[in-house]
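Input: a single structure, listed below in structure tokens.
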Amino acid sequence: MLTPTQEADFSGNFYQTDSQLKSLFMQAQSLIAMLRWRDGVCELVNPFLKNLCNNRDVLNKPMRQAWPELGEGFYKQVEHVYDTCQVSRSYDHEVKIIQGDDQVKEYYFDFVFSPYCHHQAEIDGVMVMGYDVTERVLARRQLAEQQQLFKDITDAAATALWTVDQRGNITFVNQTWVDWTGHAYEDNMGRGWIDSVVAEDRERVIGDYLRATNFKKPFESDFRVLRADGKMQWVAVTGKPRYYANGEFAGYVGSCMDITERKKTEQMLLDSEERFRSIADSAPVLIWMTGADKRTTFLNNSWMQFANVMQLLSDPGYLQSNLLHPEDKECVLDTYNRAFNKQEEFYIEYRMLRVSDGAYRWIGMKGVPRFEGEHDYFAGYIGSGMDITAMKEHEQVKNDFIGMASHELKTPITSIKAYIQLLLTIYNKRGDYDEFLLKSLGTVDKQINKLTRLITDLLDVSKMESGRLSLNSEEFLLSDLIKETVDEVQHTASHHDIVCSAIPPLAIYADRDRIAQVLTNFLTNAIKYSPDSDRVDVHVSVGDTEVVINVQDYGIGIKPEEQDKIFNRFYRVEGRNEQTFSGFGIGLYVAAEIIKRHNGRVWVVSEKDRGAAFYFSLPLLNA
Ligand code: ADP
């Protein structure tokens with residue numbers, strides 16, 4: 001930086017100076033040089049220029065020698081002014097100045113070249129004044145670079161970007177928008193962009209914009225664009241108000257995102273939802289859906305008719321307070337809530353009021369959890385229910401019949417059994433027995449026993465169905481019971497050995513006869529389904545909270561897919577092998593129900609043709 005105190009190099013030839021002019025030369029913050037004659041001999045330089053050139057000795061030297069770095073352009077301009085005697089200007093002139101140590105620094109100057117004359121008005125030389133505009137030029141260059149960078153970035157964006165001024169006129173769109181619409185940049189300016197919007201959407205999107213701009217609020221909308229390739233494209237537009245540094249509203253800046261795929265998916269979803277609704281509405285079953293918060297989100301027509309409502313019942317309390325049979329309410333809610341919390345499938349049978357005729361109908365309702373999205377998040381339940389009243393009534397008739405028939409059969413069978421026992425006792429006492437007669441009586445006795453067991457099981461089934469099976473629990477030694485039962489079954493088994501491992505003397509609290517019935521069923525099955533083996537093992541193990549009794553056979557075994565089903569009522573495995581065994585498929589059902597009522601568990605471990613291990617557990621007394 002030059003300082004006014006620095007000495008200027010005035011030559012005595014400068015005859016027009018006065019003190020004011022001298023001071024101006026001395027203090028000027030721009031370079032001044034007086035170049036004499038056509039070859040520009042340096043007659044005068046001001047301190048600014050002198051300093052710029054690192055105090056280089058330039059006086060009385062022609063310009064090409066004094067400043068070899070200035071370049072031909074500069075020298076030519078001086079010569080031109082000298083020749084024409086006309087003032088000339090040059091802007092943003094790039095000047096490289098050697099600043100000592102051979103260091104070259106780049107400057108930019110606005111030059112004014114003015115001819116000066118001696119007193120005979122003849123041209124004497126050229127005065128050069130240069131204003132340092134380096135900062136201005138560099139700032140302009142930086143701005144241009146930034147603008148280019150901004151353009152490159154916005155053009156590379158996958159979204160269309162735009163700005164509007166205070167009056168809503170477009171002032172900028174990026175290349176993405178131009179590419180989409182095929183309309184030149186200039187054509188989009190002002191209101192030109194609207195031509196690319198599908199006619200039906202124009203009013204709506206402008207309305208959305210105006211509503212937002214009234215309150216200078218961010219705005220969102222969507223509309224369709226007519227693409228250059230003739231296709232239609234959905235875009236979601238968002239805009240944010242922008243402000244000048246002084247806080248004055250400057251318009252909006254925003255973007256448009258291509259949401260065509262999203263819209264297509266949404267439409268597909270709507271279509272499939274519509275399809276689902278029409279299928280669901282025409283189905284003669286009760287179909288419903290809930291959200292993850294248990295609130296109902298859908299009921300089909302059948303449901304609405306059943307409950308006699310016109311609209312969706314999103315209130316979960318409605319069902320329980322108005323429609324459920326008071327006796328079933330607790331069980332239904334309990335099952336539903338438990339399944340919901342574990343997000344598990346459920347099936348419930350319960351009575352529900354059909355509002356149209358005020359009759360309670362039996363409904364078999366199945367619910368399945370719904371999982372949605374990429375991450376399969378839990379979205380609630382979908383379920384369907386059927387009116388199973390007719391089925392329930394048939395079942396009732398069947399149960400009543402089984403109950404009645406088995407009850408009626410029991411009396412004559414008991415009497416036949418008593419007479420057989422009497423005859424056997426008499427013949428055994430007499431000693432002169434007819435062997436054939438005695439054998440026949442034995443066979444009849446065995447068959448009567450089988451029949452009795454069957455009838456007892458049937459009676460139990462009917463009791464269970466009607467909730468009449470009661471338990472007479474007492475405390476007893478499990479080991480005694482197992483021994484007795486094993487002995488009894490062993491007595492009737494001619495072919496098998498029932499081998500019992502050591503049983504700890506353990507007392508439990510249960511219905512003794514019923515537990516014996518379960519064990520008898522396991523043992524007789526083990527013998528029945530292992531005709532080619534001669535051994536059945538019984539094993540007892542005691543855990544912390546329960547005792548587990550296991551009956552293992554080495555017979556035909558059970559396929560994995562059948563293992564759950566065999567505990568169902570009247571279920572028998574179908575197969576060539578199994579058909580040779582007589583049975584009704586109720587023994588295991590009754591056994592499982594008895595154990596369930598004792599809060600125990602029943603299960604089987606088996607492989608086809610490799611025997612079966614049946615287990616039941618009972619809670620320990622202290623548990
Ligand atoms: P039932 O034996 O009268 O048919 P259950 O209820 O006792 O009725 O048994 C149901 C079915 O389970 C049987 O039909 C049989 O197919 C199968 N099952 C039961 N126990 C065994 C066993 N120990 N080994 C193989 N299959 C068995």
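All ligand and atom numbering here is 1-based and tracks the order in the structure.
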Any N or O of [X] closer than 3.5 Å to N or O of ligand 1:
| X | value |
| --- | --- |
| Gly587 | yes |
| Asp553 | yes |
| Phe584 | yes |

Would you say the side-chain atoms of [X] and [Y] include a donor-acceptor pair closer than 3.5 Å?
| X | Y | result |
| --- | --- | --- |
| Tyr350 | Glu327 | no |
| Gln517 | Asp513 | no |
| Tyr554 | Gln552 | no |

Taking everything shown except Lys446 itself, do over 12 heavy atoms lie less than 6.0 Å from its NZ?
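Count not over threshold, so no.
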
Could you tell me which atoms of ligand 1, counted from 1 in the order shown, lie closer than 4.0 angstrom to a heavy atom of [X]?
| X | result |
| --- | --- |
| Gly585 | 1 (P), 3 (O), 4 (O), 6 (O), 8 (O) |
| Lys528 | 1 (P), 2 (O), 3 (O) |
| Arg572 | 1 (P), 4 (O), 14 (O) |
| Ile586 | 6 (O), 8 (O) |
| Ile566 | 10 (C), 12 (O) |

What do you reckon, does [X] put a non-hydrogen atom under 4.0 Å from ligand 1?
| X | result |
| --- | --- |
| Tyr571 | yes |
| Gly557 | yes |
| Phe567 | no |

Does the gap between the ring centers of Tyr589 and Tyr571 come in under 6.0 Å?
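No.
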
Go through it in stages, so that I can follow the logic: the residues are Phe522 and Tyr615, the test is ring-ring contact (aromatic ring centres under 6.0 Å, His included), and I'd like the CA-CA distance, side-chain angles, deciding distance and then a yes or no.
CA-CA 9 Å; Phe522 278 20; Tyr615 295 83; 9.0 Å; no

Report the residues that fulfil salt bridge (charged side-chain N to carboxylate O under 4.0 Å, His left out) with Asp376, sequence neighbours left out, ordered by chain and then residue number.
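Asp376 satisfies salt bridge (charged side-chain N to carboxylate O under 4.0 Å, His left out) with no residue once adjacent residues are dropped.
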
Sequence neighbours excluded, which residues qualify as salt bridge (charged side-chain N to carboxylate O under 4.0 Å, His left out) partners of Glu393?
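Salt bridge (charged side-chain N to carboxylate O under 4.0 Å, His left out) check on Glu393 returns nothing, list empty.
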
Selection from Tyr529, Phe522, Phe570, Tyr554 by shortest heavy-atom distance to atom 15 (C) of ligand 1
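Checking each option, the heavy atom nearest atom 15 (C) of ligand 1 is found in Tyr529.
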
Out of Ile558, Asn521, Leu588, Thr524, indicate the one that has the non-hydrogen atom closest to atom 5 (P) of ligand 1.
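Heavy atom nearest to atom 5 (P) of ligand 1 belongs to Leu588.
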
Is the shortest side-chain N to carboxylate O distance from Glu261 to Lys264 below 4.0 Å?
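Looking at Glu261 and Lys264, the cut-off is met.
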
